[in-house]
Amino acid sequence: MNILVIGNGGREHAIVSALAKSPKAGKIYCMKGNAGIAELAELVDVDYCDLKAVGDWVDAHPDVEYTVIAPDDPLALGLADELEGRGHRVFGPNKRAAEIESSKAFAKALMKKYGIPTAKYEVFSDHESALAYVRRGNFPVVLKADGLALGKGVLICENLQQAEDGLRQIMLDKAFGAAGNKVVVEEFLTGKEFTPGEEVSVLAFTDGKTIVPMIPSCDHKRAHDGDKGLNTGGMGTFTPCPFYGREEADEVMQKIMLPTVAAMNAEGRPFKGVLYFGLMRTPEGMKVVEYNSRFGDPETQVVLPMLKTDLLEIFEAVTDGRLADIKIEWEEGACVCVVLASGGYPVKYEKGKEIFIGQLDEGVLLYHAGTKREGGVLKTNGGRVLNVCAKGRTVAEAREKAYENVKKIRFDGMYYRTDIGIKYSK
Ligand code: AMP
Ligand code: GLY
């Protein structure tokens with residue numbers, strides 16, 4: 001079966017690598033891909049947010065029998081609807097289902113209506129009322145632009161001044177564009193005794209009837225060591241999470257996952273694809289921080305390498321509504337991913353720097369994110385450039401191996417966090 005994968009990051013490199021292992025997979029195309037993906041797939045240079053252009057390309061390639069949509073923006077725009085409308089098979093939720101990620105106001109209202117544990121909140125579409133509300137409120141307070149904002153539309157405000165500035169940025173200056181037409185003002189969640197709550201990402205396959213969680217992983221969203229600096233798309237991940245055991249998984253299944261699937265069905269928005277639960281452990285139990293309508297990046301880069309079952313078989317079972325018939329198995333042990341980023345990311349950074357890669361140790365997985373090949377030379381082409389992933393019996397072992405291999409890679413301005421998974425490596 002020939003497959004088209006939509007996307008161009010490290011997540012897509014991990015997805016393409018897993019699909020390429022399937023005995024059922026034929027030729028793989030990737031729109032738009034990167035230099036690493038090019039070793040496994042034929043790259044297609046079409047803008048995947050141009051729904052008509054993608055539809056026309058798939059129509060013109062009858063050998064492509066299946067399309068996997070990985071990133072949030074084409075899902076939010078309705079690429080699944082576009083392709084299904086033209087009679088093609090797709091992995092990924094339709095536009096109405098993807099709103100669970102693309103509108104935070106929708107996601108919050110869903111959780112409130114169906115009693116799914118999350119932070120208390122109010123939604124505002126005019127600046128004056130939002131301002132009046134934060135002036136009465138407690139601090140810290142969390143401001144979230146309603147729409148998609150590359151993981152940057154969330155502001156944690158310690159005091160009134162920061163909240164006023166934040167509301168101005170989101171609602172008046174439109175720092176996140178139309179995503180800021182509405183704003184969610186949310187209670188700040190913490191762990192025990194106001195320490196930061198432990199966060200975990202749990203991705204799950206669902207066909208709208210059955211939901212099967214993948215192994216849990218932890219992201220590091222801030223740019224610098226010790227969770228300092230700006231929020232990014234994610235600077236590194238590890239699996240498993242020591243604080244997310246059997247008990248937490250059962251609680252999340254009963255109180256969050258099953259109710260979410262049922263809620264989406266009750267709203268006439270059955271969700272088929274990967275549903276991502278961003279969770280925080282609080283003194284009142286696990287709560288939802290965010291939903292995503294897709295695989296996480298860089299969560300996928302530590303989760304999929306541990307998958308023993310054929311990913312293509314799982315995808316097709318989701319598409320065909322027979323996920324309950326499949327047994328999904330995982331390797332034991334740990335995996336750590338370190339993101340190598342361009343100097344200045346997530347704000348302003350240069351592209352086109354030559355990348356040097358030495359001989360990596362056996363078993364190390366190097367996923368490409370923002371890379372391209374120019375006249376045979378590998379160069380940087382984005383903020384997050386490469387993902388160095390390694391497995392081990394423990395997070396500590398995997399971490400050591402990943403960092404040993406990070407040392408073998410360099411490009412001008414390269415930076416990375418040195419503390420991925422360190423908290424759980426003692
Ligand atoms: P999000 O993009 O919604 O995942 O938010 C980015 C990060 O902001 C999360 O990973 C949390 O660390 C933090 N965050 C978001 N909402 C809250 C909240 N209500 N309370 C505490 N921290 C939050
Ligand atoms: N790593 C967070 C995300 O993919 O949204």
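Note that the structure is predicted; figures quoted are calculated from it, not measured. Indexing begins at 1, ligand by ligand and atom by atom, following the structure's order.
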Item to check | contact_flag T190 ligand 1 heavy-atom lt 4.0 Å | outcome: no
Item to check | Heavy-atom proximity to atom 22 (N) of ligand 1, best of E290, M280, K120 | outcome: M280
Next on the checklist: Can you classify the ring geometry of W57 versus Y29 as parallel (below 30°), tilted (30 to 60°) or perpendicular (above 60°)?
Outcome noted: perpendicular
Item to check | Aromatic plane relationship, F243 with Y424 - under 30° parallel, 30 to 60° tilted, over 60° perpendicular | outcome: tilted
Checklist entry - What atoms of ligand 1 come closer than 4.0 angstrom to any heavy atom of K104? => result 3 (O)
Checklist entry - If you measure from atom 17 (C) of ligand 1 to every heavy atom of E186, R222, E199, E101, which option wins on shortest distance? => result E186
Checklist entry - Which of parallel (below 30°), tilted (30 to 60°) and perpendicular (above 60°) describes F124 and Y133? => result tilted
Item to check | T300/Y276 under side-chain contact (heavy atoms from CB on, under 4.5 Å): CA gap, chis, key distance, verdict | outcome: CA-CA 11 Å; T300 308; Y276 167 133; over 6 Å; no
Checklist entry - Do the ring planes of Y367 and H13 sit parallel (below 30°), tilted (30 to 60°) or perpendicular (above 60°)? => result perpendicular
Checklist entry - Do S17 and L304 have side-chain heavy atoms sitting under 4.5 Å apart? => result no
Checklist entry - Does a donor on one side chain and an acceptor on the other come within less than 3.5 Å for S201 and E299? => result yes
Checklist entry - Yes or no on side-chain contact (heavy atoms from CB on, under 4.5 Å) for Y291 and M111, after CA distance, side-chain angles and deciding distance? => result CA-CA 10 Å; Y291 289 118; M111 288 186 270; 3.5 Å; yes
Checklist outcome for this item: Within 4.0 Å of some non-hydrogen atom of F188, the atoms of ligand 1 are 20 (N), 21 (C), 22 (N)
Checklist entry - Among V154, N292, L279, D227, which one has a heavy atom closest to atom 2 (O) of ligand 1? => result V154
Item to check | Per-ligand residue contacts, ligand 2, heavy-atom threshold under 4.0 Å | outcome: D219, G233, Y276, N292, R294, G296, D297, P298, E299
Checklist entry - Do K221 and ligand 1 have an N or O pair less than 3.5 Å apart? => result yes
Next on the checklist: Determine whether the aromatic ring centres of residues Y415 and H224 are separated by less than 6.0 angstrom.
Outcome noted: yes
Next on the checklist: Side chain, backbone, both or neither: which applies to L189 and ligand 1 if a contact is any heavy-atom pair less than 4.0 Å apart?
Outcome noted: both
Checklist outcome for this item: Logged contact type for D219 with ligand 1, heavy-atom cut-off 4.0 Å, is neither
Item to check | For A119, atoms of ligand 1 separated by under 4.0 Å from a heavy atom | outcome: 19 (N)
Checklist entry - Is the closest basic N to carboxylate O distance between E164 and R135 below 4.0 Å? => result yes
Item to check | Charged N-O contact under 4.0 Å between D361 and K408 | outcome: yes
Item to check | Residue E187 vicinity, atoms of ligand 1 by number, heavy atom under 4.0 Å | outcome: 18 (C), 19 (N), 20 (N)
